[in-house]
Amino acid sequence: MAATLRRFNGLRLLKSTPALNLQQAKNLSSASSWASNNKKLIGAIGAVTGGVGALLFALEQSVEASGSEVHAPAQPWSHRGLFSSLDHQSIRRGYEVYKQVCSACHSMQYIAYRNLVGVSHTEEQAKAEAEQITVRDGPDDTGNYFDRPGKLSDYFPSPYPNEEAARAANNGAYPPDLSYIVSARKGGEDYIFSLLTGYHDAPAGVVLREGQYFNPYFPGGAISMAQVLYNEVIEYEDGTPPTQSQLAKDVATFLKWTSEPEHDERKQLLIKVIGILGFLTAISYYIKRHKWSALKSRKIVFVPKEK
């Protein structure tokens with residue numbers, strides 16, 4: 001290394017740096033001042049943003065505390081873990097609850113029978129479920145509409161032809177579509193479970209109109225949906241005891257899947273990402289420790305040419 005530097009010095013490749021003139025010094029000073037002001041501006045924006053976020057959070061908490069509904073307690077769901085998947089047997093039972101109970105009033109217009117394949121049913125079982133419905137299709141070659149059995153590409157049927165018919169059959173209340181109901185309600189599956197199992201007699205002072213029922217988990221407490229889940233209201237195909245809490249738990253799990261059909265795939269991807277990041281971290285540490293350490297700790301010595 002010393003010999004190389006001697007050769008560079010002999011060729012006059014190493015030259016002393018001239019002193020900065022006044023204009024260059026002013027430019028450096030202004031650049032430093034701009035960087036300092038920029039840092040202060042970014043810091044101020046960050047502080048304001050954090051303050052606004054804290055204010056909004058406090059306002060939301062105060063509004064929730066002043067609400068008339070009871071907040072749903074957290075349940076020990078089996079899919080709450082970082083790497084835990086949905087209970088697919090519970091999804092299948094929840095589909096049975098929806099089919100036999102909930103579908104009388106609620107639609108699931110964004111879920112098709114093909115979505116059941118590989119999740120809760122085999123392809124043959126999903127086809128059999130689809131064939132139980134009748135779909136208005138057409139026109140055919142003669143321009144006429146016709147009825148046909150359902151197929152895998154068909155979506156779950158709606159119990160009412162339009163919103164007006166749904167309201168007329170439910171005292172003016174419109175039963176919401178359940179495709180994404182877990183994601184659309186604060187509390188998610190905890191709210192669904194508590195709502196389905198939380199019906200009580202109205203306390204003193206609470207006046208309900210005709211066709212309304214008291215449920216403390218519903219905003220306002222007055223809900224137009226009657227209690228629909230009771231012990232042994234249906235029978236499960238796998239023989240699971242159909243208690244009210246079991247029915248509510250299974251249908252909440254099913255609705256969690258319909259709201260987030262990518263739930264299991266997302267957690268599988270997380271495992272892959274953690275594995276890849278761990279591998280890359282180990283490689284980065286090895287390169288820094290055994291490759292760059294020699295470059296960082298090297299010392300360059302200039303030896304002037306002897307006269």
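The shown structure was predicted, so the numbers you read here are calculated from the model rather than taken from an experiment.
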Would you please indicate if the ring centroids of Y110 and Y180 are separated by under 6.0 Å? yes
Taken in chain and number order and not counting sequence neighbours, the residues that satisfy side-chain contact (heavy atoms from CB on, under 4.5 Å) with N144 are D140, T142
Pair Y236-Q246, side-chain donor/acceptor within less than 3.5 Å: no
Whether R93 and E237 form a salt bridge (side-chain N of Lys/Arg under 4.0 Å from carboxylate O of Asp/Glu) is what I want to check. no
Throw together a table of side-chain donor-acceptor distances under 3.5 angstrom for residues 226-235, partners on residues two or more places apart or in other chains.
unit_1 : atom_1 : unit_2 : atom_2 : d
Q227   : NE2    : L229   : O      : 3.3
Y230   : OH     : Q227   : O      : 3.3
N231   : OD1    : Q244   : N      : 2.7

Does some side-chain heavy atom of R114 sit less than 4.5 Å from a side-chain heavy atom of S153? yes
How long is the straight-line distance from NZ of K256 back to CG of L86, given to the nearest 0.5 Å? 7.5 Å
Got a sec, which residues hit side-chain contact (heavy atoms from CB on, under 4.5 Å) with R136, two or more places apart in sequence or on another chain? Y145, D147
Hydrophobic clustering (ILVMFWY, side-chain heavy atoms < 4.5 Å, transitive) - are V119 and V251 grouped together? yes
Quiz question: by atom type and distance under 3.5 Å, do the side chains of N171 and S224 form a donor-acceptor pair? no
Under a 3.5 Å threshold, yes or no: a donor from one side chain and an acceptor from the other, between Y217 and D190? no
H106 versus P176: any side-chain heavy-atom pair under 4.5 Å? yes
